[in-house]
Amino acid sequence: MKLMKLRNMYPGAKTLNNFMEIAIEQARMGMKHNLGGPFGAVIVKDKTVISRAHNRVLDFNDPTAHAEIMAIRIASSNLETFDLSGCEIYTTSYPCPMCMSALYWARIKTLYYGTTTAEVEKIGFDDGQIYRALCKGTDTEMNVEKLDSKICQQLLSEWEEKEDKYMY
């Protein structure tokens, strides 16, 4: 019955649905087995679940193994395409900057989320520094330097001239 309470917690917010309930189950599974934080995600296409995932950061020792990233990887594999533009995603929390960027790259057009960045910050998951760095274009915690990049620029020219390139 806890889900019933959650459904009415935020007046004006859309109610939880079966897809969000699956994302919540995924998050709980990951937490129960100490695989990662309290985050789950489900990707849906035409009202059909394409992928479901939970945070696997601790399990894989991979800081990029967030629920959304894992769900994108699985969905792309299942659909055999990197273009998920016909899909929507349900996440238990608003995506971090990395995951949000991945959602844009995957061309997912609709995001449904459960908790805010402020709510997860209260339990120790603070994305604020990353958001601030992205907004300012600088980061005080990371040294960022541009090197002489003539060879890297040559790579761009090689790509531009490549006749059999496949744009993504």
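For this chain, numbers begin at 1 and follow the sequence in order.
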Enquirer: Quick one: closest heavy-atom pair of Glu68 and Cys99, and the distance?
Expert: OE1-SG, 3.4 Å
Enquirer: Kindly give the heavy-atom pair with the smallest separation between Ile108 and Cys87, and that separation in Å.
Expert: CG2-O, 3.6 Å
Enquirer: Just wondering, more than 12 heavy atoms not from Arg52 lying within 6.0 Å of its CZ?
Expert: no
Enquirer: How long is the gap from CG on Leu84 to NZ on Lys109, to the nearest 0.5 Å?
Expert: 11.0 Å
Enquirer: If I take atom CD from residue Glu161 and atom CG from residue Leu156, how far apart are they, to the nearest 0.5 angstrom?
Expert: 11.0 Å
Enquirer: Aromatic rings Tyr131 and Tyr94: how do their planes relate, parallel, tilted or perpendicular, breaks at 30° and 60°?
Expert: tilted
Enquirer: Please name the pair of heavy atoms, one in His54 and one in Gln26, separated by the smallest distance, quoted to 0.1 Å.
Expert: CB-O, 3.1 Å
Enquirer: Distance check, rounded to the nearest 0.5 Å: Arg73 atom CZ versus Ser51 atom OG?
Expert: 12.0 Å
Enquirer: Is there a donor-acceptor pair closer than 3.5 Å between any side-chain N or O of Thr115 and the backbone N or O of Thr92?
Expert: yes
Enquirer: What distance separates Tyr113 OH from Glu119 CD, expressed to the nearest 0.5 Å?
Expert: 9.0 Å
Enquirer: How are the rings of Tyr90 and Tyr112 set relative to one another: parallel (under 30°), tilted (30 to 60°) or perpendicular (over 60°)?
Expert: parallel
Enquirer: Just how far is it from atom CE of Met98 to atom CD1 of Ile69, taken to the nearest 0.5 Å?
Expert: 4.5 Å
Enquirer: Please give me the minimum heavy-atom distance between Ala53 and Ala67, naming the atom from each residue.
Expert: CB-O, 3.7 Å
Enquirer: Show the nearest heavy-atom pair for residues Phe125 and Gly37, with the distance to one decimal.
Expert: CZ-CA, 4.1 Å
Enquirer: If we only count heavy atoms from C-beta on, is the Asn55 to His66 side-chain gap below 4.5 Å?
Expert: yes
Enquirer: Could you check whether any side-chain N or O of Asp46 sits under 3.5 Å from a backbone N or O of Thr48, counting only pairs where one atom can act as donor and the other as acceptor?
Expert: no
Enquirer: Take Asp127 and Glu121 through the test side-chain contact (heavy atoms from CB on, under 4.5 Å) and record every step on the way to the result.
Expert: CA-CA 7 Å; Asp127 301 337; Glu121 181 179 357; over 6 Å; no
Enquirer: Is a side-chain donor or acceptor of Lys45 paired with a backbone partner of Ile50 at a separation under 3.5 angstrom?
Expert: no
Enquirer: Determine whether Glu25 and Val42 make a side-chain contact, defined as any pair of heavy atoms from C-beta on separated by less than 4.5 Å.
Expert: no
Enquirer: With Leu103, which of Ile89, Thr91, Thr110 fulfils side-chain contact (heavy atoms from CB on, under 4.5 Å)?
Expert: Ile89
Enquirer: Please evaluate residues Gln154 and Glu158 with respect to the criterion side-chain contact (heavy atoms from CB on, under 4.5 Å), reporting the C-alpha separation (whole Å), side-chain torsions for both, the decisive distance (0.1 Å), and the verdict.
Expert: CA-CA 6 Å; Gln154 183 179 343; Glu158 290 174 26; 3.3 Å; yes
Enquirer: Assess, by modelled atom type and distance only, whether the side chains of Thr81 and Asp83 contain a donor and an acceptor separated by less than 3.5 Å.
Expert: no
Enquirer: Hey, is NZ on Lys165 packed in by over 12 heavy atoms from elsewhere, all under 6.0 Å?
Expert: yes
Enquirer: Is atom CD1 of Ile123 surrounded by more than 12 heavy atoms (other residues, nucleotides or ligands) closer than 6.0 Å?
Expert: yes
Enquirer: Kindly give the heavy-atom pair with the smallest separation between Ile43 and Ala75, and that separation in Å.
Expert: CD1-CB, 3.9 Å
Enquirer: Could you give me the CA-CA distance, side-chain angles and deciding distance for Met100 and Leu111, then say whether side-chain contact (heavy atoms from CB on, under 4.5 Å) is met?
Expert: CA-CA 10 Å; Met100 185 59 86; Leu111 160 69; 3.7 Å; yes
Enquirer: What's the verdict on side-chain contact (heavy atoms from CB on, under 4.5 Å) for Ile72 and Trp105, showing C-alpha distance, side-chain angles and the deciding distance?
Expert: CA-CA 10 Å; Ile72 288 169; Trp105 279 114; over 6 Å; no
Enquirer: Check whether any side-chain N or O of Ser101 sits under 3.5 Å from a backbone N or O of Pro97 as a donor-acceptor pair, and report yes or no.
Expert: yes
